[in-house]
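Heads up: the structure comes next, in structure tokens.
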Amino acid sequence: MRTATLGPVQRAESLAAMAERELDVLVVGSGVVGAGTALDAVTRGLSTGLVEARDWASGTSSRSSKLIHGGLRYLEMLDFALVREALKERGLLLERIAPHLVKPVPFLYPLQHKGWERLYAGSGVALYDAMSMARGHGRGLPTHRHLSRRHALRVAPALRKDALVGALQYYDAQMDDARFVATLVRTAVSYGAQAANRARVTGFLREGERVVGARVQDVEGGGEYEVRARQIVNATGVWTDDTQAMVGERGQFHVRASKGIHLVVPRDRISSSTGLILRTEKSVLFVIPWGRHWIVGTTDTDWDLDKAHPAASSADIDYLLEHVNSVLAVPLTRDDVEGVYAGLRPLLAGESDATSKLSREHTVAHPVPGLVVVAGGKYTTYRVMAKDAVDEAVRGLDQRVAECVTEDVPLLGAEGYRALWNARARIASRTGLHVVRVEHLLNRFGAMAEEVLDLIAGDPSLGEPLQFADDYLRAEIVYAASHEGARHLDDVLTRRTRISIETFDRGTRSAREAAELMAPVLGWDKERVEREVGHYEKRVEAERESQRQPDDLTADAARLGAPDIVPL
């Protein structure tokens with residue numbers, strides 16, 4: 001299997017190829033479910049296309065809590081089937097599908113009541129571990145343990161002594177959500193799928209009542225293509241209803257958006273060797289280790305404003321700070337916040353008025369011949385959603401099609417990752433990079449780190465860190481444009497890397513250097529570099545202004561003050 005390169009040439013070739021002959025399956029939307037659906041379809045031997053109006057994972061799938069987890073709180077809701085399914089997927093991702101991208105992460109659950117709470121919560125966590133083991137995919141994580149207050153405070157000195165009487169510690173897993181999606185897309189293309197970002201579906205092609213294709217606009221090149229497909233899968237998340245409206249048919253279900261925001265703070269602001277999970281009056285609050293940072297989240301509120309750029313308000317930020325500070329000995333302040341991001345959960349509507357009670361289960365429907373819709377669910381179970389969507393599409397194909405094989409298909413970079421990890425000191429010696437840099441590359445690219453190292457071998461200056469964002473090497477910026485489909489500065493600073501939320505300046509001081517590194521790959525002149533940098537700076541200022549606003553309405557208006565670099 002070849003390793004796909006998602007550069008400008010590949011994108012143009014993919015758009016042309018999709019328009020040239022009828023596909024078996026065209027997937028609309030490249031969040032984690034859409035990308036997973038493309039991989040599922042192509043690995044069954046189906047000719048497959050994938051189009052995305054903006055960038056890979058530019059919606060919900062780059063703005064999650066970055067957890068791969070069974071959903072411990074769903075046990076309390078007695079949703080055993082959902083937890084069992086998610087725990088199986090967590091194990092597959094950790095052990096087989098993406099060990100280079102998905103990593104174990106410990107969490108401490110502080111107990112606030114003596115006696116009954118330890119028994120109650122301990123039973124739930126024990127069941128969580130048991131369900132994981134029963135699926136045969138739980139051996140990669142340590143089991144939970146009970147801690148006294150003294151032991152818990154040694155593990156997490158940041159906690160106030162009066163905030164707990166003891167604690168439980170258990171394990172889940174985490175990943176960089178946007179990087180995971182980009183790797184899914186590259187894996188699908190490696191198996192023969194055609195994929196193009198910045199390619200927007202503007203309408204569907206009909207023959208009678210049947211949907212037979214889509215009109216796809218190249219929002220950068222300006223051309224329009226008719227892409228014909230025997231089955232189309234609508235995997236557009238919170239845009240599901242909007243996409244469905246293009247068919248002119250009433251949908252069988254509706255998707256409602258729930259906003260969740262997260263804060264990013266430096267690691268030294270919270271003294272702890274473990275993540276935290278805290279109860280709130282509505283849900284749970286996570287404090288998640290994230291490299292040299294912590295991610296604090298999340299909220300859960302209804303959102304019916306702009307879907308492309310959900311905005312975090314001042315009230316959202318205060319809510320998180322208030323709740324996390326209720327257990328911290330040294331409270332966090334606004335000055336501690338490096339980054340803020342907001343995302344929208346696609347929830348199936350109709351079960352309750354409260355978004356936190358809406359279903360995280362997914363649904364697949366075939367509202368008209370030739371069109372399959374998949375919606376709902378959670379990041380961890382993307383592969384199951386993709387399988388169900390392709391199963392439904394296959395029913396509309398007049399041919400025998402193989403069963404799903406993605407349970408046994410590692411993502412690019414997984415094969416050979418563990419061997420390279422064991423050889424990281426030797427790689428560091430060979431390349432002249434510090435071993436910490438090699439570990440960083442291996443945990444972001446797996447075995448494909450060798451491709452990044454090849455760039456450095458050709459130009460040693462690419463082995464230097466990016467100024468003002470020195471967690472990342474200059475080579476990673478070039479690689480994002482040449483291999484990972486990044487088309488704009490915003491793609492690199494917010495999704496291929498996380499500079500936009502991991503630095504106090506939100507990436508503005510790194511923007512020009514990054515744009516100049518991308519320029520030769522994408523054919524930018526000086527004027528285009530200036531335009532990209534200027535757009536990014538306006539985007540950051542609009543986000544900062546939105547986070548000073550008191551409510552959703554004013555925050556949304558402030559965020560929309562910065563136009564998209566490619567208007568849709």
Side-chain angles (χ1 to χ4, degrees), residues 5-8 55-58 62 176 178-179 182 197-198 220 264 266 290-293 338-341 431-434 436-441 443-445 448-449 451-544 562-566:
T5 297
L6 302 183
D55 184 28
W56 321 128
S58 56
S62 60
D176 182 329
R179 171 147 301 284
N197 54 359
R198 305 289 177 183
E220 300 202 331
V264 181
W290 181 255
R292 295 199 293 173
H293 318 269
E338 290 175 289
V340 181
Y341 64 94
T431 60
L433 294 175
H434 193 284
V436 171
R437 296 286 187 190
V438 175
E439 290 174 352
H440 163 86
L441 294 177
N443 283 329
R444 281 171 51 76
F445 305 101
M448 291 188 296
E451 297 176 349
V452 183
L453 294 173
D454 287 344
L455 290 177
I456 296 170
D459 180 356
S461 73
L462 297 180
E464 297 297 319
L466 195 68
Q467 285 189 6
F468 310 112
D470 62 3
D471 281 350
Y472 299 94
L473 298 179
R474 287 162 51 89
E476 294 176 75
I477 309 302
V478 175
Y479 189 81
S482 64
H483 287 66
E484 297 182 328
R487 303 284 301 165
H488 296 281
L489 180 59
D490 185 57
D491 299 341
V492 170
L493 296 182
T494 62
R495 285 175 291 278
R496 303 307 184 280
T497 71
R498 293 310 186 140
I499 293 169
S500 66
I501 58 172
E502 292 176 347
T503 58
F504 280 103
D505 63 88
R506 310 281 172 96
T508 54
R509 291 195 296 170
S510 306
R512 184 167 302 280
E513 182 183 3
E516 289 171 351
L517 287 166
M518 297 171 68
V521 180
L522 299 176
W524 294 351
D525 57 18
K526 288 184 178 180
E527 182 181 344
R528 178 61 183 272
V529 168
E530 292 299 328
R531 182 177 168 224
E532 292 280 338
V533 173
H535 167 266
Y536 185 78
E537 289 173 344
K538 288 175 184 174
R539 171 192 179 276
V540 170
E541 182 47 45
E543 286 190 345
R544 287 188 185 278
D564 283 340
I565 194 161
V566 183

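None of the values given here were measured: they were computed from a predicted structure.
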**Study point:** Criterion salt bridge (charged side-chain N to carboxylate O under 4.0 Å, His left out) on Arg292 and Glu502, from CA distance to verdict
**Key:** CA-CA 9 Å; Arg292 295 199 293 173; Glu502 292 176 347; over 6 Å; no
Point to revise | Residues Arg437, Ile456; criterion side-chain contact (heavy atoms from CB on, under 4.5 Å); working and verdict | key: CA-CA 12 Å; Arg437 296 286 187 190; Ile456 296 170; over 6 Å; no
Exercise for review: For side-chain contact (heavy atoms from CB on, under 4.5 Å), just list the numbers for Tyr341 and Thr494, CA-CA rounded to whole Å, side-chain angles, deciding distance to a tenth of an Å, and then say yes or no.
Suggested key: CA-CA 10 Å; Tyr341 64 94; Thr494 62; over 6 Å; no
Exercise for review: Kindly determine whether Leu433 and Leu453 satisfy side-chain contact (heavy atoms from CB on, under 4.5 Å), including the steps that lead there.
Suggested key: CA-CA 10 Å; Leu433 294 175; Leu453 294 173; 3.6 Å; yes
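Rounding to the nearest 0.5 Å gives a distance of 8.5 Å between CD of Glu464 and CG of Leu473. In this structure, NE2 on His440 lies 14.0 Å from NE2 on His434, to the nearest 0.5 angstrom. For the atom pair OH of Tyr479 and CE of Met518, the computed distance is 15.0 Å after rounding to the nearest 0.5 Å. Taking NE2 of His293 as the reference point, atom CD of Glu338 lies at 5.5 Å (rounded to 0.5 Å). Once rounded to the nearest 0.5 Å, the distance linking CZ of Phe445 with CD of Glu451 reads 9.5 Å. Rounding to the nearest 0.5 Å places CZ of Phe504 at 11.0 Å from CZ of Arg509.
Of the candidates Glu476, Arg495, Arg179, Arg179 is the only one forming a side chain to side chain contact (heavy atoms under 4.5 Å, CB included) with Glu484. Applying the side chain to side chain contact (heavy atoms under 4.5 Å, CB included) test between Leu493 and each of Asp491, Asp490, Leu489 identifies Leu489 as the sole match. Partner Arg506 forms a side chain to side chain contact (heavy atoms under 4.5 Å, CB included) with one of Ile499, Ile501, Val340 and no other, that one being Val340.
When side chains are defined from C-beta on, Ser482 does not count as touching Thr5, because their heavy atoms never get closer than 4.5 Å. Inter-residue side-chain proximity for Arg487 and Pro8 is flagged as met; some heavy-atom pair is nearer than 4.5 Å. Residues Val540 and Glu537 form no side-chain contact, since every pair of their non-hydrogen atoms from C-beta on lies 4.5 Å or further apart.
Taking all atoms of both residues into account, the shortest heavy-atom contact from Asn197 to Gly485 is ND2-O, 2.8 Å. Heavy atoms only, all atoms of each residue included: Ile477 and Ala514 are closest at CG2-O, 3.6 Å. Residue Ala562 comes nearest to Ala542 through the heavy atom pair CB-CB, 3.6 Å, listed as atom of the first residue, atom of the second, then distance. Taking all atoms of both residues into account, the shortest heavy-atom contact from Tyr536 to Ala511 is CD2-CB, 4.2 Å. Scanning all heavy atoms of the two residues, the minimum distance from Val529 to Glu516 falls at CG1-CG, 4.2 Å. When all heavy atoms of Ser500 and Arg539 are compared, the pair lying nearest together is CB-NH1, 4.5 Å.
At distances below 3.5 Å, at least one donor-acceptor pair connects side-chain atoms of Ser510 with backbone N or O atoms of Gln467. A distance-only check finds a donor-acceptor pair linking the side chain of Asp505 to the backbone of Thr508 [under 3.5 Å]. Using modelled atom types, one side-chain atom of Tyr472 and one backbone atom of Arg498 make a donor-acceptor pair closer than 3.5 Å. The closest donor-acceptor contact from the side chain of Thr497 to the backbone of Val492 lies under 3.5 Å. Although no hydrogens or angles enter the test, the distance criterion places a donor-acceptor pair under 3.5 Å between the side chain of Arg444 and the main chain of Arg496. Arg531 contributes a side-chain N or O that, together with a main-chain N or O of Ile565, makes up a donor-acceptor pair within less than 3.5 Å. In terms of modelled atom types and a separation under 3.5 Å, the side chain of His483 and the main chain of Val478 share no donor-acceptor contact.
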